[in-house]
Amino acid sequence: RLGAAWLVLVFALIVLPSALGVSLGISEGYMWLLVKTLEWATIRIEKGAKKSRPQMLKIPAVNGIIERDETPMEKEIARLRQADFEFSDIFYFCRKGFEAIVDDEVTQRFSSEELVSWNLLTRTNVNFHYISLRLTVVWGIGVIVRYCFLLPLRFTLAAIGITSMIVGTTLVGQLPNSSVKNYLSELVHLTCSRILVRALSGTIYYHNKENKPQKGGICVANHTSPIDAIILTNDGCYAMVGQVHGGLMGVIQRATVKACPHVWFERSEIKDRHLVTKRLREHVADKSKLPILIFPEGTCINNTSVMMFKKGSFEIGGTIYPVAIKYDPQFGDAFWNSSKYNIVSYLLRIMTSWAIVCNVWYMPPMVREEGEDAVQFANRVRSAIARQGGLTELPWDGGLKRAKVKDSFREEQQKNYSKMLVRNGSIG
Amino acid sequence: SVSHSQITRLYSRFTSLDKGENGTLSREDFQRIPELAINPLGDRIINAFFPEGEDQVNFRGFMRTLAHFRPIEDNEKSKDHNGPEPLNSRSNKLHFAFRLYDLDKDDKISRDELLQVLRMMVGVNISDEQLGSIADRTIQEADQDGDSAISFAEFVKVLEKVDVEQKMSIRFLH
């Protein structure tokens, strides 16, 4: 009977409002309490830190931990005389190498962002120590709240959300194609997304809604986590693009595609770039179809920077609607470090965080300009997204999470150095 | 000497590079750093961390090698004149650079050793003949005792006007 009461409560307070698109203010209340608690905790930690080590206040390593000298190679290896090679030439490469060993731009993007102050989750207290009994008690209460109350609640919601999605889209899929079907499909997708967002205690702030992606367009966003898609579908309907998976994900994919023309590729098809581009182009050409959602980085990055956009998405044509997503790491780390955690442990971590708070900025549409190739266009869109979201831009490929860097980069450095040797003085 | 916060940061860096989580770094761990992998002298730099014949370096060794790059002004603060010369003295920084050239550790940079380093830095962009004449000229200008090789003393002499301290130092932001 307790279980039944529980379900009724969940249904009334969360599922029903999700379907109707209203909010009862429960999450707002929770967030307010959370913010107050974390502020209190921060003050206590700072007081504690000041007492034990008065001169050391933790400063965020936003710009890296060492001074980086960005003078270009040519100036650095300036010549004292007109000789070609000097023994001191190696100093430049040597120092660059050591700088990279101490702190490099790339590998840090594949692990979670460091927090300025502790947010009462053990997983983020790498650099924080025991401060006081009161703080530890609060942390303990936090653990109980998160694991014994929030986790079961969120799990229930997620189960309801996913089941409704599968059942709902299968039912809608039985209807013949019509505007009624489209309307119902959108309703089902939106409702289930809203339920799932509440399953994560998600608080999302959408900005510039007038720029929301239109039908026949392509929505591109930076990628931090698998839940990025849910964050966006909470506010609108998109045609998803992706590879067919097995298991539960596959079931969801097969069900949803009956109701709405999502673009799922078989594993073999995805390797064929022409096929992929062709199918997407056909979808985009049909102005009655929902905008497609693509994450051009190709992999999850830790939300402090935007890495190289794969040009494939920008060769399809059509209008690009860039979207910037920035998570607030204080309430929960949304980044999926796929080399460290599998999807199940990732979801478990998400569901035992305080909340997922993020900002979503819809940006004005962009089209490829005259004389601009796909790569330049991709970089232009990427810059816009990085600027809006307050993220840094890196020219590196997100694939470096797993793969080795291409030799061509090294060859470029060698070429530049050779030019210096040959330019000065005469050879031979 | 190195501050507590710097050690903590470097240890945090060490552990993040240590993918095998066994307290030591292998050459592969270093090569995973893209900026280092594309450095023409990357392999030589990585080698500097590994003692003779070993394939793993622990945190102590890691710090020891990095210590060469501490700014020299750090030494002014610890006026320990009775101790051994600090690793980041001008002389030791030069010695570190010398060892990058002197692969067989015979305290001389031979023509071959110089050519090897040159080849690493220029890749395929300069012919053997051109590179050879560059090497010959460099050795000729620096060689004082006529043995067609560069000893450490000759190396130091050639670089006496170079601001080694500035070029071979890394400064922490805090």
Side-chain angles (χ1 to χ4, degrees), chain A residues 53 56 58-59 61 63-69 76 80 83-108 110-111 114 126-127 339 396-397 400 404-419 421-422 425 427-428, chain B residues 4-6 8-10 12-13 16-17 19 30-42 44-46 49 65-66 68-69 96-97 100-101 109 117-118 120-126 129-130 133-135 137-138 141-142 150 155 158-159 161-162 164 167-174:
Chain A
R53 267 183 294 245
M56 189 188 94
K58 194 167 194 318
I59 307 165
N63 296 319
I65 61 178
I66 47 177
E67 262 174 42
R68 297 297 286 257
D69 192 348
E76 183 84 17
L80 288 173
D84 33 26
F85 169 75
E86 304 240 359
F87 281 109
S88 54
D89 285 357
I90 66 159
F91 290 173
Y92 171 79
F93 292 111
C94 214
R95 199 184 72 209
K96 283 275 167 233
F98 271 80
E99 280 174 357
I101 289 173
V102 174
D103 186 24
D104 81 295
E105 271 292 297
V106 184
T107 57
Q108 54 165 284
F110 301 137
S111 59
E114 264 187 57
V126 175
N127 291 319
S339 30
W396 300 93
D397 187 345
L400 289 172
K404 279 213 159 124
V405 66
K406 285 204 277 258
D407 284 334
S408 52
F409 289 104
R410 182 196 287 209
E411 283 153 20
E412 204 183 309
Q413 287 211 40
Q414 287 169 330
K415 193 151 70 159
N416 289 338
Y417 179 68
S418 308
K419 280 201 206 121
L421 278 194
V422 175
I427 307 279
Chain B
H4 181 89
S5 68
Q6 287 173 3
T8 320
R9 286 228 142 265
L10 287 172
S12 164
R13 175 65 171 168
S16 74
L17 291 173
K19 292 280 184 258
F30 283 97
Q31 273 152 3
R32 232 176 266 119
I33 304 172
E35 288 170 44
L36 186 61
I38 66 170
N39 190 316
L41 293 180
R44 284 285 166 101
I45 294 170
I46 294 174
F49 282 85
T65 314
L66 285 181
H68 285 96
F69 277 77
F96 183 82
L100 285 179
Y101 286 101
I109 303 176
V117 173
L118 278 170
M120 286 176 88
M121 293 203 284
V122 306
V124 300
N125 298 291
I126 296 185
E129 299 86 52
Q130 283 181 337
S133 57
I134 292 177
R137 185 184 310 192
T138 312
E141 280 168 352
I150 309 296
F155 187 71
V158 170
L159 295 173
K161 290 207 183 67
V162 174
V164 177
K167 285 185 191 286
M168 293 270 283
S169 293
I170 297 178
R171 273 166 190 72
F172 273 84
L173 283 176
H174 30 257

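So that the names make sense, note that chain A is the first sequence line, chain B the second, and so on, each numbered from 1.
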* Donor-acceptor pair, side chain of A/Tyr417 and main chain of B/Pro40, under 3.5 angstrom -> no

* Structure fact -> Bottom line for B/Ala135: the part with an atom under 4.5 Å from chain A's heavy atoms is neither

* Structure fact -> The interface call for B/Leu36 against chain A, heavy-atom contacts under 4.5 Å, is both

* At their closest point, which heavy atom of A/Gly97 faces which heavy atom of B/Asn39, and how far apart are they? -> N-ND2, 3.3 Å

* Does the side chain of A/Ile101 come within less than 4.5 Å of B/Thr65's, by heavy atoms? -> no

* Would you say the ring centroid of A/Phe98 lies under 6.0 angstrom from that of B/Phe49? -> yes

* If you round to the nearest 0.5 Å, how far is CD1 of B/Ile126 from NZ of A/Lys415? -> 13.0 Å

* Are any non-hydrogen side-chain atoms of A/Phe87 and B/Ile150 less than 4.5 angstrom apart? -> yes

* To do: Side chain from CB out, backbone as N, CA, C, O: work out which of these in B/Ser169 comes under 4.5 Å of a heavy atom of chain A, or both, or neither.
  => backbone

* Where A/Ile90 and B/Ala97 come nearest, the two heavy atoms and their spacing -> CD1-O, 3.8 Å

* Structure fact -> Cut-off 4.5 Å, heavy atoms of chain A, and the answer for B/Leu17 is side chain

* Structure fact -> In this structure, CD of A/Glu86 is separated from CD of B/Glu141 (nearest 0.5 Å) by 8.5 Å

* Please state whether the side chain, the backbone, both or neither of B/Leu100 comes within less than 4.5 Å of a heavy atom of chain A. => side chain

* To do: Answer whether the closest heavy-atom distance between the side chains of B/Leu159 and A/Phe91 falls below 4.5 Å.
  => yes

* Let me know if B/Leu66 has heavy atoms under 4.5 Å from chain A in its side chain, its backbone, both or neither. => both

* **Interatomic spacing from NZ in A/Lys406 to CD1 in B/Ile38 - rounded to 0.5 Å** => 12.0 Å

* Asked: Can you tell which of B/Phe30, B/Tyr101, B/Phe96 has the highest number of heavy-atom pairs within less than 4.5 Å of chain A?
  -> B/Tyr101

* side chain to side chain contact (heavy atoms under 4.5 Å, CB included) with A/Thr107: which of B/Arg32, B/Glu35, B/Arg13? -> B/Arg13

* Asked: Which value, rounded to the nearest 0.5 Å, describes the distance between B/Ile33 atom CD1 and A/Glu105 atom CD?
  -> 13.0 Å

* Asked: Are the side chains of A/Phe409 and B/Pro34 in touch, meaning some heavy atoms are under 4.5 Å apart?
  -> no

* Structure fact -> So CD of A/Gln413 and CE of B/Met121: to nearest 0.5 Å the spacing works out to 11.5 Å

* Structure fact -> Scanning both residues in full, the closest heavy-atom pair of A/Arg95 with B/Lys167 reads CD-O, 3.2 Å

